[in-house]
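For this chain, numbers begin at 1 and follow the sequence in order. The structure presented is a predicted model; accordingly, all values stated were derived computationally and were not measured.
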Amino acid sequence: MMSHPQETATVAFTEAAEAAPGVRYLLHDGELVDYADARLHVLSTTLKYGVGVFEGFRAYWSEDDQQLYAFRVEDHMKRLVESMKVVEIEGPRDTAALTEQLLGLIRANGLRGNLHMRAQVFVDSSDGKPEDTGPSTVFMAAIPMGNYFGTSGLHVQISSWARLSDRSMPPRVKSIANYQNGRLALLEARRNGYDATLLLTENGHVAEGAGYNVFMVRQGRLCTPPVTESILEGITRDSVLHLARTELGIDVDIRPIDRTELYSADEVFVCGSAAEVNHVASVDRTVIGDGTAGETTRHLQRLYRQAVIGRVAADRNWATPVYPG
Ligand SMILES: Cc1ncc(COP(=O)(O)O)c(C=O)c1O
């Protein structure tokens, strides 16, 4: 059972953003703990072997509604549970209960502004054997966050690192250890003066970036790689597919994409919970379109911004009000 404190500080977004804390509580195995007390032992299996899974998601404040909406929280919790199953980590499987815990954490902190949330499952066995599957421990956080990328277009480099694969470390799951792959690609891109990176599969097809999926518009068709092309099955990707099909009436081609198709695309954008929908201005210094966000990208950005506060695709119940109405 989660404990609820008697007094909950209301933290305005701007105040809280100064020190990522400003956030008083985190959640540890369903219990509120002070931010400073959310700790993992240095000998835990997670720290030795990177055995752990996590989720990152967002909540959006609506000034009009004076309400905070958490976006697709239970879908993220479902993916968290799937990740635990695939990489064999013991832990909670009740996605509704996990969802309620996270919403309770936001309320306990009294946060009223755009947030990034995390749910992380660590293996906390102190003898640290690689085959340990438990005991696991779950931490959750909700922290104020604005734009991840800024609003101008991204200059993207295709990485010389290949995306890891389902035959080595399944990209389908959000496993902590997978992130070394994207990190190397991102460091390479930054070293070379780019904003972001995209990785190719071992077969040379476009996979995804370090924290985002990718779409392109080419020859009038919106396209994105299939889930069997070494990608995380992004929840934003799924939202964009739905918005394109139902709100814009566009057919989407889900098919392998070659690197050079990006060079000759009319539009390229990346998407993710943190990244949102962000246009790509150039790939390997080849300018995409005229370098600004194309029409389809702009439509999808607008629809996504409305969907996260429940104005669009309301029938999907993606946007959960955090505070009682
Ligand atoms: C490797 C990777 N791909 C794609 C995504 C986008 O996934 P989602 O839209 O579910 O946040 C993320 C972000 O979590 C990611 O880390």
Side chains of Y212 and T197: does their closest heavy-atom pair fall under 4.5 Å?
yes
Hey, what do you get for CG (D75) to CG (D238), rounding to the nearest 0.5 Å?
7.5 Å
Side chain to side chain contact (heavy atoms under 4.5 Å, CB included) partner of V87, the single match among V173, I176, V51, N178
V173
May I ask you to say whether R311 pairs ionically with D65, meaning some side-chain N is under 4.0 Å from a carboxylate O?
yes
For the residue pair E188 and S159, confirm or rule out a side-chain donor-acceptor distance under 3.5 Å.
yes
Would you say the side chain of P225 lies within less than 4.5 Å of the side chain of I257, judging by non-hydrogen atoms?
yes
State, to 0.1 Å, how close E208 and I231 come at their nearest heavy-atom pair, and which atoms those are.
OE2-CA, 3.4 Å
I'd like to know if D284 pairs up with R259 as an ion pair, taking the criterion as any Lys NZ or Arg NE/NH1/NH2 lying under 4.0 Å from an Asp or Glu carboxylate oxygen.
yes
H279 vs T297, test: side chain to side chain donor-acceptor pair (under 3.5 Å). Steps then yes/no.
CA-CA 7 Å; H279 92 272; T297 307; over 6 Å; no
Test: E233 and R79 ion pair at under 4.0 Å
no
Side-chain (D29) to main-chain (V138) donor-acceptor, under 3.5 angstrom
yes
Before giving the answer on side chain to side chain donor-acceptor pair (under 3.5 Å), spell out for D64 and S62 the whole-Å C-alpha distance, their side-chain angles and the decisive distance to 0.1 Å.
CA-CA 5 Å; D64 289 344; S62 162; 5.2 Å; no
Is M117 reachable from V322 through a run of hydrophobic residues whose side-chain heavy atoms are each under 4.5 Å from the next?
yes
Can you confirm whether or not the ring centre of Y304 sits under 6.0 Å from the ring centre of Y60?
no
Side-chain (Q306) to main-chain (L303) donor-acceptor, under 3.5 angstrom
no
Does any N or O in the side chain of R237 come within less than 3.5 Å of the main-chain N or O of N213, such that one atom is a donor and the other an acceptor?
no
Examine distances only and state if a side-chain atom of Q157 and a backbone atom of A196 form a donor-acceptor pair shorter than 3.5 Å.
no
Look at the rings of W318 and H242 and say which category their plane angle falls in: under 30° parallel, 30 to 60° tilted, over 60° perpendicular.
perpendicular
Roughly how far apart are T95 OG1 and E82 CD, rounded to 0.5 Å?
10.5 Å
Looking at R221, I want to see if its CZ is surrounded by more than 12 non-hydrogen atoms of other residues, nucleotides or ligands under 6.0 Å.
yes
May I ask you to decide whether R245 forms a salt bridge with D251, counting only side-chain N to carboxylate O separations under 4.0 Å?
no
For the atom pair OG (S83) and NZ (K78), what is the distance rounded to the nearest 0.5 Å?
14.0 Å
Under a 3.5 Å distance rule, please check whether T236 uses its side chain to pair with a backbone N or O of S273 as donor and acceptor.
yes
Please report the closest heavy-atom contact between G310 and A319, naming both atoms and the distance.
N-CB, 3.5 Å
Is any side-chain heavy atom of E267 closer than 4.5 Å to a side-chain heavy atom of M216?
no
T46 side-chain N/O to V123 backbone N/O, donor-acceptor pair under 3.5 Å:
yes
Between atom CG of L186 and atom CG of L198, what is the distance when rounded to the nearest 0.5 Å?
11.0 Å
Whether K174 and E55 form a salt bridge (side-chain N of Lys/Arg under 4.0 Å from carboxylate O of Asp/Glu) is what I want to check.
no
Are P144 and V23 side-chain neighbours, meaning at least one heavy-atom pair lies under 4.5 Å?
yes
Could you tell me if D258 and T260 have a donor-acceptor pair between their side chains, going purely by distance under 3.5 Å?
no
Quick one, V86 and P170 - any side-chain contact, counting heavy atoms below 4.5 Å?
yes
Does any donor atom in the side chain of N114 or R58 lie under 3.5 Å from an acceptor atom in the other side chain?
no
Report yes or no: does D94 contribute a side-chain atom to a donor-acceptor pair with the main-chain N or O of A96 at less than 3.5 Å?
yes
Decide yes or no on salt bridge (charged side-chain N to carboxylate O under 4.0 Å, His left out) for E100 and R107, but give the supporting numbers first.
CA-CA 11 Å; E100 207 29 63; R107 287 184 210 116; 3.2 Å; yes
Before you tell me yes or no, could you show the steps for F139 and H28 under ring-ring contact (aromatic ring centres under 6.0 Å, His included), namely the whole-Å CA-CA distance, both residues' side-chain angles and the distance that decides it to 0.1 Å?
CA-CA 5 Å; F139 287 94; H28 183 190; 4.2 Å; yes
Going by heavy atoms in the side chains, are L40 and D124 under 4.5 Å from each other?
yes
Tell me the closest heavy-atom pair linking R285 and G193, and the distance in Å.
NH2-O, 3.4 Å
May I ask you to check whether S165 and E202 show a side-chain donor-acceptor distance below 3.5 Å?
no
With a 3.5 Å distance limit and no angle check, can you tell me whether Q67 reaches the backbone of P321 through a side-chain donor-acceptor pair?
no
Give a yes or no on whether E295 atom CD has more than 12 heavy-atom contacts from other residues, nucleotides or ligands under 6.0 Å away.
no
Using 0.5 Å steps for rounding, measure from the CD atom of Q101 to the CD1 atom of I106.
12.5 Å
Please lay out, stage by stage, how R118 and M140 fare under the test side-chain contact (heavy atoms from CB on, under 4.5 Å).
CA-CA 5 Å; R118 251 186 281 163; M140 294 189 201; over 6 Å; no
Run F215 and F269 through ring-ring contact (aromatic ring centres under 6.0 Å, His included) and show every step you take.
CA-CA 5 Å; F215 284 74; F269 65 85; 4.9 Å; yes
Hey, are the side chains of S125 and P135 touching, using non-hydrogen atoms and a 4.5 Å cut-off?
yes
Taking C-beta and beyond as the side chain, do L32 and L27 meet within less than 4.5 Å on heavy atoms?
yes
Are L26 and F54 connected in the hydrophobic side-chain network, where two residues link if heavy atoms are under 4.5 Å apart?
no
State whether the side chain of D195 and the backbone N or O of L154 hold a donor-acceptor pair below 3.5 Å, judged by distance alone.
no
Out of curiosity, does V81 fall in the hydrophobic cluster containing L103 (side-chain heavy atoms, cut-off under 4.5 Å, transitive links)?
yes
Here the pair of heavy atoms bringing E261 nearest to P256 is OE1-O, 4.1 Å
Mind checking whether F71 and L241 sit in one hydrophobic cluster, side chains of I, L, V, M, F, W, Y counted as touching below 4.5 Å?
yes
Please walk me through it: do S136 and E90 pass side chain to side chain donor-acceptor pair (under 3.5 Å)?
CA-CA 6 Å; S136 68; E90 295 157 22; 5.9 Å; no
In sequence, state the C-alpha distance, the side-chain angles, and the governing distance for Y323 and Y69, and then conclude on ring-ring contact (aromatic ring centres under 6.0 Å, His included).
CA-CA 9 Å; Y323 294 102; Y69 294 98; over 10 Å; no
Taking R172 for the side chain and V227 for the main chain, is one N or O donor matched with an acceptor at less than 3.5 Å?
yes
Is there a continuous path of hydrophobic side-chain contacts, each under 4.5 Å between heavy atoms, that joins V270 to V156?
yes
What's the spacing between D315 CG and T246 OG1 if we round to 0.5 Å?
7.5 Å
